[in-house]
Each structure stands twice: as structure tokens, then as C-alpha cells.
A.B. asks: 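The structure's right below; bear with me while I get my questions together.
For the numbers below, each heavy atom of this structure counts, side chains included, while hydrogens, waters and symmetry mates do not. These numbers come from a predicted model, not from an experiment.
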Amino acid sequence: MAELIRYRDDEAVDHPAVTVDSFLDQSNANAVRVEPGDDARALIPHLTQLKLVEVNFPAFGDGRGYSSARILREAGYTGELRAVGDVLVDQVAYMRRCGFDAFEPDAALDPGDLAAALDRWPEVYQPTGDGRQPIWSKRHA
Amino acid sequence: MYKYDQYDQQMVDTRVEEFRDQTARRLAGKISEDQFKPLRLTNGLYLQLHAYMLRVAIPYGTLDSRQMHALADIADRYDRGYGHFTTRQNIQYNWIKLAEAPDLLADLAKVEMHAIQTSGNCIRNISSDHFAGAAADELVDPRPYAELLRQWSSFHPEFSYLPRKFKIAVIASDTDRAAMKLHDIGIQIVERDDALGAAFYVGGGMGRTPMVAPSIRDFVPLDQLVTYSEACLRVYNRYGRRDNKYKARIKILVHELGAEEYARQVEEEFAHLLGQGVEPPLAELERIKTYFADPAFQDASNDTIDRSDPDFALWVDRNTVPHKREGYVSAVISLKPVGGIPGDATARQMHVMAELAKSYSFDELRVMHTQNIVLPHVRKAQLYTLWQTLEAEGMGAPNLDTIEDIIACPGLDYCSLANARSIPVAQKISERFAETGKTAELGELKLKISGCINACGHHHAGHIGILGVDKKGTENYQLLLGGSEAADTSLGKITGPGFSEDGIVDAVEKATDVYLRERSDGERFLDTYRRIGMEPFKEALYG
């Protein structure tokens, strides 16, 4: 497992995340792992209790985790949102846009490539809840 | 037509640099081919049988002379001097070297073009009515809505790893010239109580499981267009099947859930997203609309057409269509010369078309999904001069919407997915009908050929469709009858056992003979088929 990359100042949760099912059963955990087939909306009643949501990408081509991330952020979740699994340098910029603020990739990311990828896009076409101003908003400021 | 501002330009320039970096990392072995594949696909680059193929986006099929000249230069510089216009209103080059692709993309960016999302499991180039802005029957020009959605869908971070590719078409007239209901999302701009809005049809498509899109919502207000689209996509991204690539298109999800249940889920997501501020202000739509204002039409009401040259008169009858302005027509340049490769144009022909657009059509061209080129706004008085140039350059075939105006995919000559060749079959059919002189007698007859079940040649939607299959190592061709991509969308039915390459040409002729024998006054092939059914055709083919 490669190292954890975080874009947050608070302390990382240091214990393993539980599955969505067991979280909904026992409900005293503060870290949960969302698989691609899980409904992220099931967590919405419990967001204040959560400090870490891991969204697993078993294969980088499975894009369900991007929707899970946005759904959680749109519902007001402010804790850590961590992409784990087959997380590659060419997807991290989109992940950041969808609300992820931490990455735990299976294989280490080249720091230079990572920095370049995250710096690449000076403008964006869509608002995605990450606070970036879309182009249409700048046009009609 | 639309012009990039500094932001649009920056987006395509950034993409070029991103792809240059990705290609360099691939060539250096830092990323695997599996990891690189979706990256190059979202830049339009496919690995085909002989080389890389690059598909360039021509948003809603509209381009100007500068862009057409650039496409010609690219054909000369990076390819073998020609390009292939596709059923997605795009152009493809078949002989591209990976190491040169970033430079090619940079050349495109200089003329406000790109290859963004022309492949891969993302929202593809958005298509529209090729007569938009010119058609006498349109409610409004549909292209501003397509451009709004182009920007929304470009680099959309949530929808870049969808279960499968996703195609959107936008039209604004009841006559459907874009096969709208055979798209993942088909949008028709409509009017209700003096306000414009969008009717959404979701879950159509061709491929191995052809489906006509059901209506999901009959009116989405214009200031909610992006939000509703986002809701449609989110439901698909979350619940579209990913276990089987052949069941991953949205048509399967809509079919399995049922249109009502899918629509209900979209409504739920839509209600939620309305509070998320994803919709551009209407001022943005208005800004885009100004680029699609009418050109400076002249008073051409006294223009007449001198029909004394019979070849010219035939071309006028076949290849021009009515225009909203008196004295003007839209003129179709056929890329279907008898015996030619449907949709191919040489660099020289592209340069010529660019110049013609500049001289006679307010600097505008359109790519049709039927693989021809339109000069949308031509004065009647200038048609003869225009036609003379087309004739001289091998682009004057008077065969729009006839059996010679064949749609064909690249097939096994180029494509790594194909089971059979399409191009030679198209060539033989157009030669056969030109030789027998039956083309004119048959009138409107849309023939479409696909070299495999993926249906890039739209065979399901042809009045006559041909599907190439592999039968124990030999190419075999199935015949379909009764498809349509127009407002009366229908899917063709297979006649029976397939035919050899020469046999399919004979079979097509036999089918047309049944029509000529059975037709009533004014009936097209499709009308006769719908009236008399499959049996008489089967009898002629297999009896």
C-alpha cells in the first residue's frame, strides 16, 4: 500500500473503515468504506458522526465513486473523503473536482506527475461543489 | 457559428498539453497500455488494424472554411491525403502515428477544433440537424443548445468513466434529420405556452440491441436543461450495468427499469440537483445564441434557376433542399461518387469545399450524419457556378437520399472490431444501380451498411440495411428491410439467411424489383414495405 496523500489539516483517522452495511448496523463507527455498488445516500442521516469516508475504486474505469463523492459533498459532508484502490495520476484531478481530499492509491504516484496533474487545469466548465468558479460564471460576473 | 473565447481556447490548449504529457509517459513506459487506453480514447485515438485512427470532433457538424482547410492540411501532413466523414458528423484519419498525435491536436487547437471525447466511455461529440439555421421547418436553431451541452459535457469530472459511451443529439423540428431517438439522449426543442423547452427521449441506440428511445419528459424549461441532463447522467453513472459491456449502454438500464421508473429516478435526482447551482444562467445561452444569428442574407427573391443544362437540373432536384429564406437553398455535396468510398474526401476536395463555402455559403459547411457535406445557405443564382466546380472535382453526384447515397462504416478494411468489409459492398451496389439506371426510378431509398453488429453504419435504420457477419471464417451479409431514422423511426427486420458478397448485391436488386412491381403512386420503398410486409420480399429472395 502506497502512502496516504491528504489535502486536509486535521488528523487522519487511524483505524480501519467498516463496510456500509456494518456501519448502518452498529452505527458507532466514524470511518466507513463505500464500494462501487453501495448507495452513498444511505450514509446521509449519519454524516455528522463520520470523520472518514473511503470510496473504493477496485478498477479505475469504474466511475461510480465519482457520483458517490459528489452526493456526499452535496449532502454537506465535510469530513475526509478518501479515494482508495486503483487510483491513478490521470484521474486524481477529476477526483479532486468531485470532492475527494485524500488519496490512498494501490501503487505509489510519482510526486512530480501528481503535482502537474493537479495544477493542469486553470479553468473548469462545470460547478461540482469544489468551490471552483465555472467558466460561465466568469463570463457573466 | 460559435467562436471560442479565451476560456474555450485555454481548455483545448490545456488538453493538448495534457495529452502531450500522457503520450510522453506512455512512450517512456510510465503508464501501461491498459491505463493509457481510456486516455487516448477520450482524445479520439483508436488503435485499429493497421495504425492509429484519430477521430476529430466537429460539434453539431458545423465548421467554417478555415477549419475545413485545416482538416485538409492534416490529411496531407499526418495521413495519406484523405479523410473519412462519419455518421457522427465527425472526421476520421486512418493512418496516424502515436508520437505525432499531440502535434496534430495542437494544429487542430489553432483553428478552434479538438478530438475531445470523440471516443471512450464518456459523453461524446453532440450531434444535431445538419440543416440547422437553414431549414424552413425548424422552430429555432438547435445548435446553441448543443453548444451549451458541449461545454457542460466537456471534461465533466463525474461522467468521464461512465459504464459505456454516451451520445446526445439535439434537434428543433418535427422532421428528425439527426436520428434523435436512436441516441442515448435525444432532445427536441419544443414550444409550450409561448415558452421554449426541451423534450427528452432517453435510452435509444443501435448496436447489437437496437432500441427507439422512449419519452422521459415532454418539457424541461430552458433554464433547467443542464440540470436535467446532469440528473439523467447521474442515474446512469450510478446504476448502468458494468458487469457486461454489451449491456452497459443506457438503453439497457432504461429497458430493464422501465421508462417510467427511470424517469422517476431522474426526477428525484433532478429535484435534488436543482438546489446545487449547476445550471448556467440564461444569459450564457443568450451569449451563445448571438454566434448563431442569421448571416447577412441578401434579397434573393428574384433569383431563378436556369434549368437548361439537364445534368445540372437533375442535381438541383436531387441535391438541394428548401431554405427558410426566399431565393436560397441548402446544397448537398455528395461524397458518394459511383464506386467510391462513402464519406471519403481527399485533401484537395476538402480545400475545394472550403473555398466554395467561402464564396457561396457565408463561410459555413455542415457534415451530415449521412456522410455528405452541406453548404447551408446558397443563393439560387449561384448554384450553376457552384455545381460546375463540384462536377469538375468529382463531387457532383446527383444522388442525395437515393440508393447510391449509402452510409457505410469503415468495416474490415480498417476497423479492428469488424467481421466483414463494408466498403466493397457499398461500391458494388452503387456501381450496379448506376449501371442499370434504376437509381432515379427508385427515388428515396436509404441503404445503410455495417461491418459488424456494433452498427456504426446504422443498418437497423436503413430502408434497406446490410449487416456483415462472420460465418465460419467467411464474410456473410444479412439483409434487413423497413428501418427508418426519421421522425417515423423504426428498426429493420432481417429477411432470412445471409448472402455472399456478390449475393447481397443481387439480393438488394431483387428487393428493389419487388418494390418497383408492387408500389402504388407516390410510395417510397419504405412505404411499400410497410404496406405489403416482408412476405413478398422473402418470396423473391428465397422462393
Side-chain angles (χ1 to χ4, degrees), chain A residues 36-41 44 57-71 73-76 86-100 107 109-110 112-113 116-117 119-130 132-141, chain B residues 5-8 10-11 13-15 17-18 21-22 25 30-32 34-39 42 120-122 148 150-163 226 230 233-240 242 269 272-273 275-288:
Chain A
D38 289 334
D39 180 6
R41 288 208 160 96
I44 288 177
F57 289 83
F60 75 90
D62 187 333
R64 286 176 283 187
Y66 295 89
S67 289
S68 299
R70 279 193 73 193
I71 283 167
R73 290 300 188 210
E74 286 164 3
D86 194 13
V87 173
L88 307 173
V89 75
D90 289 294
Q91 283 83 47
V92 291
Y94 282 167
M95 289 178 173
R96 286 287 277 150
R97 295 226 57 220
C98 287
F100 287 103
L109 306 180
D110 178 301
D113 292 341
D119 271 355
R120 174 92 52 203
W121 295 91
E123 305 293 346
V124 296
Y125 273 126
Q126 319 80 0
T128 53
D130 63 347
R132 296 189 66 180
Q133 197 183 0
I135 287 170
W136 52 253
S137 157
K138 294 185 177 184
R139 280 176 179 147
H140 301 281
Chain B
D5 66 1
Q6 84 227 41
Y7 297 113
D8 297 310
Q10 179 151 51
M11 293 303 275
D13 289 345
T14 304
R15 176 59 132 194
E17 289 318 307
E18 181 185 54
D21 173 56
Q22 289 168 338
R25 282 187 282 123
K30 279 179 95 174
I31 42 179
S32 70
D34 277 353
Q35 293 168 349
F36 182 59
K37 190 176 170 189
L39 307 178
T42 47
N121 296 333
C122 53
L148 187 77
R150 182 190 76 83
Q151 296 186 26
W152 161 73
S153 61
S154 293
F155 318 110
H156 198 299
E158 185 178 344
F159 307 131
S160 292
Y161 292 90
L162 295 169
V226 164
E230 189 141 326
L233 263 297
R234 180 174 285 178
V235 172
Y236 171 55
N237 190 44
R238 299 187 76 205
Y239 298 112
R242 293 175 188 261
E269 196 66 64
H272 161 73
L273 284 171
Q276 294 298 323
V278 298
E279 189 77 31
L282 277 177
E284 174 62 3
L285 190 56
E286 292 306 318
R287 185 192 72 88
I288 293 172

A.B. asks: Which bit of B:P280 is near chain A, if near means a heavy-atom gap under 4.5 Å: side chain, backbone, both or neither?
C.D. replies: both
A.B. asks: Is B:Q22 close to chain A through its backbone or its side chain, or both, or neither, when contacts mean heavy atoms under 4.5 Å?
C.D. replies: side chain
A.B. asks: Which answer fits A:V124, side chain, backbone, both or neither, if we ask what part of it has an atom under 4.5 Å from a heavy atom of chain B?
C.D. replies: backbone
A.B. asks: Which atom names give the shortest non-hydrogen contact between A:K138 and B:Y7, and what distance separates them?
C.D. replies: CB-OH, 3.4 Å
A.B. asks: For A:S68, does its backbone N or O pair with a side-chain atom of B:E158 as donor and acceptor, under 3.5 Å?
C.D. replies: no
A.B. asks: Would you call the rings of A:F60 and B:Y161 parallel, tilted or perpendicular, taking 30° and 60° as the class edges?
C.D. replies: perpendicular
A.B. asks: Considering non-hydrogen atoms only, spot the tightest contact between A:T128 and B:P157 and give its length.
C.D. replies: CG2-CG, 3.6 Å
A.B. asks: Any side-chain heavy atom of B:R15 within less than 4.5 Å of one from A:W121?
C.D. replies: yes
A.B. asks: Salt bridge or not for A:R120 and B:D21, using N-O below 4.0 Å?
C.D. replies: yes
A.B. asks: Contact part of A:P122 toward chain B, heavy-atom cut-off under 4.5 Å: side chain, backbone, both or neither?
C.D. replies: side chain
A.B. asks: Answer whether the closest heavy-atom distance between the side chains of A:Y125 and B:R150 falls below 4.5 Å.
C.D. replies: yes
A.B. asks: What's the spacing between B:S160 OG and A:Y94 OH if we round to 0.5 Å?
C.D. replies: 4.0 Å
A.B. asks: Going by heavy atoms in the side chains, are A:H140 and B:R287 under 4.5 Å from each other?
C.D. replies: yes
A.B. asks: Rounded to the nearest 0.5 Å, what separation is found between the CD atom of B:E269 and the CD1 atom of A:I71?
C.D. replies: 5.5 Å
A.B. asks: Check whether B:L273 gets within reach of chain A through its side chain, its backbone, both or neither, counting any heavy atom under 4.5 Å.
C.D. replies: side chain
A.B. asks: Check whether any side-chain heavy atom of A:I135 lies under 4.5 Å from a side-chain heavy atom of B:Q10, and answer yes or no.
C.D. replies: no
A.B. asks: To the nearest 0.5 Å, how far apart are CZ in A:R41 and CZ in B:R238?
C.D. replies: 5.5 Å
A.B. asks: So what's closer than 4.5 Å to chain A heavy atoms on B:Q151: side chain, backbone, both or neither?
C.D. replies: both
A.B. asks: Please round to the nearest 0.5 Å and tell me the distance separating atom SG of A:C98 and atom NE2 of B:H156.
C.D. replies: 7.5 Å
A.B. asks: From A:Y66 OH over to B:L162 CG, what is the distance, rounded to the nearest 0.5 angstrom?
C.D. replies: 11.0 Å
A.B. asks: So which atom in B:R25 and which in A:D90 form the shortest heavy-atom distance, rounded to 0.1 Å?
C.D. replies: NH2-OD1, 2.8 Å
A.B. asks: I need the residue from A:Q91, A:R139, A:E123 with the largest number of non-hydrogen atom pairs under 4.5 Å to chain B.
C.D. replies: A:R139
A.B. asks: Measuring from atom CG of A:L88 to atom CG of B:D34, what distance do you get when rounded to the nearest 0.5 angstrom?
C.D. replies: 10.5 Å
A.B. asks: Does the side chain of A:Q126 reach to within under 4.5 Å of the side chain of B:E230, using non-hydrogen atoms?
C.D. replies: no
A.B. asks: For residues A:D39 and B:Y239, determine if any side-chain heavy atom of one lies less than 4.5 Å from a side-chain heavy atom of the other.
C.D. replies: yes
A.B. asks: Which pair of heavy atoms, one from B:F159 and one from A:S67, lies closest together, and at what distance?
C.D. replies: CE2-OG, 4.5 Å
A.B. asks: Before you tell me yes or no, could you show the steps for B:Q276 and A:R70 under side-chain contact (heavy atoms from CB on, under 4.5 Å), namely the whole-Å CA-CA distance, both residues' side-chain angles and the distance that decides it to 0.1 Å?
C.D. replies: CA-CA 11 Å; B:Q276 294 298 323; A:R70 279 193 73 193; 5.6 Å; no
